[in-house]
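Written below as structure tokens is the structure these notes are about.
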Amino acid sequence: MIIAIDGPAASGKGTIAKRLAAHYGLRHLDSGLLYRGVAKAVIEGGRDPADRDAAVAAARAFEPGRYPASALKGDDVAKAASQVAAIPQVREALIAFQRSFARTRPGAVIDGRDIGTVIAPDADVKIFVTATPEERARRRLLELQGRGEASDEAAVLADILARDARDTGRAVAPLRQAPDAHLLDTTHLAIDPAVRAAIDIVEAVRAGRKPA
Ligand code: CDP
């Protein structure tokens, strides 16, 4: 089984994907880490993430696991990731890895921006996870504070809106809900009920029912 989870920053898609994978005994891939890894390599090489040649070279030389996830979590890396992710050749260089991950037994839950639309258009279940920008900014602020990083809500909201605009506005593989994806709005859902709702969607699809 392949489950595609897409959505904007801090919508809850990563946690939902991880928990769905554990629940169904599937492998989990956070595809954002691939773009973050490319961005990190560009920055480490002393180049600008907007430098197309540097970003494409880094994507072609990409090795999964080169950086621990903890080294890729910062908002500076997230911003650079959304810059390199807008470059078509960067995305192209990362497609084979993601498709082969999806095809490997026993199957996978992959979260990102274009999983249901580009990477795995034939996924068995597609879920588009969303929440209002204000709620996502509130969550991201709590996460940053939990890591001891100082920030304020207005700055976090501005970052989220800028990244949403870049991710939905780019020409290649923009963030959007696939026509056959099920919408899961987590604005008023804590993480446990959100995971429960995602499992309900998977179960309904597998039983051939229309999710509630
Ligand atoms: O966790 P968060 O949503 O903040 O970030 P992420 O999922 O790690 O993604 C970081 C950036 O990578 C996004 O803003 C996108 O620009 C890009 N990305 C993408 O273009 N396609 C994906 N499948 C995953 C991430």
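As the structure lists them, so they are numbered: ligands from 1, and atoms in each ligand from 1.
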Between Arg140 and Asp159, is the closest basic N to carboxylate O distance under 4.0 Å?
-> no
Under a 4.0 Å heavy-atom limit, does Lys73 contact ligand 1 with its side chain, its backbone, both, or neither?
-> neither
What is the closest protein heavy atom to atom 24 (C) of ligand 1, and at what distance does it sit?
-> Ser31 OG, 3.4 Å
If you group Ile, Leu, Val, Met, Phe, Trp and Tyr whenever their side-chain heavy atoms sit less than 4.5 Å apart, what else falls in with Val129?
-> Met1, Ile3, Ile5, Ile16, Leu20, Tyr24, Leu26, Val109, Val125, Ile127, Leu184, Leu189, Ile191, Val195, Ile199, Ile201, Val202, Val205
Taking atom types as modelled, is there a side-chain donor on Arg166 or Ser82 under 3.5 Å from an acceptor on the other?
-> yes
Measure the distances from the heavy atoms of Arg140 to every atom of ligand 1 and state whether one is below 4.0 angstrom.
-> yes
List every atom of ligand 1 that sits less than 4.0 Å from any heavy atom of Ala85, numbering the atoms from 1 in the order shown and giving each element.
-> 16 (O), 17 (C), 20 (O)
Below 4.0 angstrom from a heavy atom of Asp167, which ligand 1 atoms are there? Numbered from 1 as shown, please.
-> 13 (C), 14 (O), 15 (C), 16 (O)
Other than Leu175, which residues form its hydrophobic cluster under the rule that side-chain heavy atoms must be closer than 4.5 Å?
-> Phe128, Leu183
Numbered in order shown, the ligand 1 atoms found under 4.0 Å of a heavy atom of Gly32 are 6 (P), 7 (O), 8 (O), 9 (O), 24 (C), 25 (C)
Which residue owns the protein heavy atom closest to atom 5 (O) of ligand 1, what's the atom, and how far is it?
-> Arg36 NH2, 3.1 Å
Hey, is the main chain of Ala131 close enough, under 3.5 Å, to the side chain of Thr186 for a donor-acceptor pair?
-> no
Classify the contact between Arg166 and ligand 1 as side chain, backbone, both or neither, using a heavy-atom distance cut-off of under 4.0 Å.
-> neither
Does the distance from a Lys or Arg side-chain N to an Asp or Glu carboxylate O, for Asp200 and Arg196, drop under 4.0 Å?
-> yes
Could you pull out, from Arg113, Gln83, Arg91, the option with a heavy atom nearest to atom 20 (O) of ligand 1?
-> Arg91
Determine, step by step, whether Tyr67 and Glu44 satisfy the side chain to side chain contact (heavy atoms under 4.5 Å, CB included) criterion, reporting the C-alpha distance in whole Å, the side-chain angles of both residues, the deciding distance to 0.1 Å, and the verdict.
-> CA-CA 11 Å; Tyr67 302 105; Glu44 247 186 23; 3.0 Å; yes
Atom 4 (O) of ligand 1: closest protein heavy atom, distance to 0.1 Å, is Arg163 NH2, 2.7 Å
Electrostatic pair Glu134:Arg138 at N-O distance under 4.0 angstrom | no
For ligand 1, find out whether one of its N or O atoms is nearer than 3.5 Å to an N or O atom of Asp114.
-> yes
Whether Lys13 lies under 4.0 Å from ligand 1, heavy atom | yes
Backbone or side chain, does any N or O of Arg170 fall under 3.5 Å from an N or O of ligand 1?
-> yes
Identify whether the distance between the nearest side-chain nitrogen and carboxylate oxygen of Arg19 and Asp192 falls below 4.0 Å.
-> yes
